[in-house]
Amino acid sequence: MSKPVRLYPKPEPMNLNPRLILIGSILFALVIGWIGIITSTVGL
């Protein structure tokens with residue numbers, strides 16, 4: 001018996017790391033929060 005054939009192709013590794021996505025989302029949320037605080041303080 002030869003090696004079994006894969007039923008589906010091997011998925012390619014993701015270029016983006018989950019850690020980078022997590023850090024980016026946290027920074028994005030912080031930036032939006034600061035923009036909201038500044039706009040509410042200035043009163044635009």
Side-chain angles (χ1 to χ4, degrees):
M1 294 294 293
S2 61
K3 291 181 181 181
V5 178
R6 291 180 182 272
L7 295 177
Y8 50 89
K10 185 178 180 182
E12 295 181 358
M14 293 293 291
N15 292 328
L16 296 175
N17 291 328
R19 187 174 298 173
L20 289 178
I21 295 174
L22 179 64
I23 293 173
S25 62
I26 291 173
L27 289 177
F28 189 67
L30 287 175
V31 169
I32 290 179
W34 274 112
I35 290 174
I37 292 171
I38 292 171
T39 53
S40 63
T41 301
V42 174
L44 291 176

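On a predicted model such as this, the values are computed, not experimentally measured, just so you know. All residue numbers in this chain count up from 1 along the given sequence.
Between I35 and the options I38, V31, I37, a side chain to side chain contact (heavy atoms under 4.5 Å, CB included) holds for only V31.
In this structure, T39 OG1 and W34 CH2 are separated by 12.0 Å, a value rounded to the nearest 0.5 Å.
A continuous path of ILVMFWY side-chain contacts below 4.5 Å connects L22 to L30, so both sit in one hydrophobic cluster.
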